[in-house]
Amino acid sequence: MAAKALFITMLLFSALGTTGECGPVDDGSACPGTPVASVILNIVNTNGQTIPAATIVFTVNGGASFVGSCETNCDEVLLAQGVVGRFDIQVAAIGYATATRTVNVPAQEDSCHPVTQNVTIVMQEDTTVGVLFGVWSTQTFAGQNLLRFGPNGEIVGAIFFDQRAGGDGNWYIEYNGHLIRGVAGQPITPATATDPVRTGDVFNFKTVTQGVLTGFETATLSADLNTLSGVLQGQAISYIRLPDAQIPNAIRDP
């Protein structure tokens, strides 16, 4: 049954009271009374514990994608209110395999308000090398290195700080045909490397680029998945996963 009013949040917001910016996705007239939630998500792991943070992408009736996130608590996440139809939802979280779900939201008998759908998304642990997705920082005797891995754990790029003469002193590396943004006026060096491998909970990746040895051997992840500790050429080495706000623009996609 067609909705008479379609309003959807441009950014996800908590059903516990944090408001979001809203905009119409159809030209229907507003439903009377208090807005009614369309879809409320509870995102948990296989033990039933609420996931602390996740990114959520969804469409309504095959339309434009809306992207948002829940932080510190992914319990009772409100996707939209006053909207009926098919919600195609994708949830991604560090350390978990991406989950997808299609939810159909019918209208109430008044043909206007939605029937709220409370949906539990169970996230499965990611047992692949893809758990490395993101940008990792380490400090070596030669300076700071950043490594960026893609969603399948593939090596994408690197920054080796203060390790060359000229310019700003940094090497900007693109691996295996992947592209990074770099810095205006500074060279970006194409390179090849074998992608990381994972055996059980042990990760290995090592390469030499522009004379710089980088990577990790027999490395394991901390419980919160944000520290990677191993060795490199027999010396202990530790990497920290950078939060998005700390990732340099130079290593992002062009």
Side-chain angles (χ1 to χ4, degrees), residues 1-131 133-134 150-153 225 244 253:
M1 188 175 297
K4 292 186 178 179
L6 297 179
F7 282 81
I8 195 163
T9 55
M10 295 302 182
L11 293 177
L12 302 178
F13 56 97
S14 168
L16 298 178
T18 303
T19 60
E21 179 183 347
C22 297
V25 294
D26 206 319
D27 58 2
S29 58
C31 293
T34 303
V36 176
S38 298
V39 178
I40 297 175
L41 295 184
N42 180 30
I43 307 171
V44 302
N45 61 23
T46 54
N47 294 322
Q49 300 165 322
T50 301
I51 297 294
T55 298
I56 305 166
V57 181
F58 68 97
T59 62
V60 181
N61 297 323
S65 294
F66 296 87
V67 182
S69 62
C70 48
E71 299 178 1
T72 71
N73 188 354
C74 290
D75 182 33
E76 296 188 325
V77 179
L78 173 60
L79 297 196
Q81 52 190 4
V83 181
V84 302
R86 188 188 79 247
F87 282 67
D88 292 309
I89 304 165
Q90 183 180 85
V91 180
I94 291 175
Y96 297 91
T98 298
T100 58
R101 179 73 66 85
T102 295
V103 178
N104 291 305
V105 180
Q108 296 182 17
E109 292 183 359
D110 62 8
S111 301
C112 186
H113 293 96
V115 177
T116 302
Q117 302 297 299
N118 289 280
V119 180
T120 296
I121 303 288
V122 179
M123 303 292 287
Q124 303 292 326
E125 180 183 357
D126 186 351
T127 59
T128 74
V129 72
V131 74
F133 175 62
N152 296 312
L225 306 177
D244 187 73
D253 289 335

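Values below: all heavy atoms of this structure, side chains included; hydrogens, waters and symmetry mates excluded. Residue indices begin at 1 and follow the sequence shown.
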### Expected output: side-chain N73 to main-chain D75 donor-acceptor under 3.5 Å
yes

### Task
Could you tell me whether a side-chain N or O of Q81 sits under 3.5 Å from a main-chain N or O of S38, the two making a donor and an acceptor?
no

Atom pair [atom1]/[atom2] of [X] and [Y] - distance to nearest 0.5 Å:
X: T116; Y: L78; atom1: OG1; atom2: CG; answer: 8.5 Å
X: T120; Y: N42; atom1: OG1; atom2: CG; answer: 4.5 Å
X: D126; Y: I94; atom1: CG; atom2: CD1; answer: 11.0 Å
X: E71; Y: T55; atom1: CD; atom2: OG1; answer: 8.5 Å

### Message
Are the side chains of V83 and V105 in contact, using a 4.5 Å heavy-atom criterion?
### Response
no

#### Entry: Minimum side-chain heavy-atom gap N61-R86 below 4.5 Å
yes

Restricting to non-hydrogen atoms, name the atom on [X] and the atom on [Y] that form the minimum distance, rounded to 0.1 Å.
X: A54; Y: C74; answer: N-SG, 3.6 Å
X: Q108; Y: P114; answer: NE2-O, 2.9 Å
X: V57; Y: V67; answer: CG2-CG2, 4.0 Å
X: G95; Y: V131; answer: CA-CG2, 3.6 Å
X: A107; Y: C112; answer: CB-N, 4.3 Å

Return the set of residues passing side-chain contact (heavy atoms from CB on, under 4.5 Å) with [X] (not counting sequence neighbours), or none when no residue passes.
X: D244; value: I247, R252
X: I89; value: V39, L41, I56, F58, L79, F87, V91, V103
X: P151; value: F133, E154
X: T46; value: V122, Q124

### Task
Can you run down the side chain to side chain donor-acceptor pair (under 3.5 Å) pairs that involve residues 93-102, sequence neighbours left out, and say none if there aren't any?
D88-T102

### Summary
By side chain to side chain donor-acceptor pair (under 3.5 Å), T50 pairs with (sequence neighbours left out) none

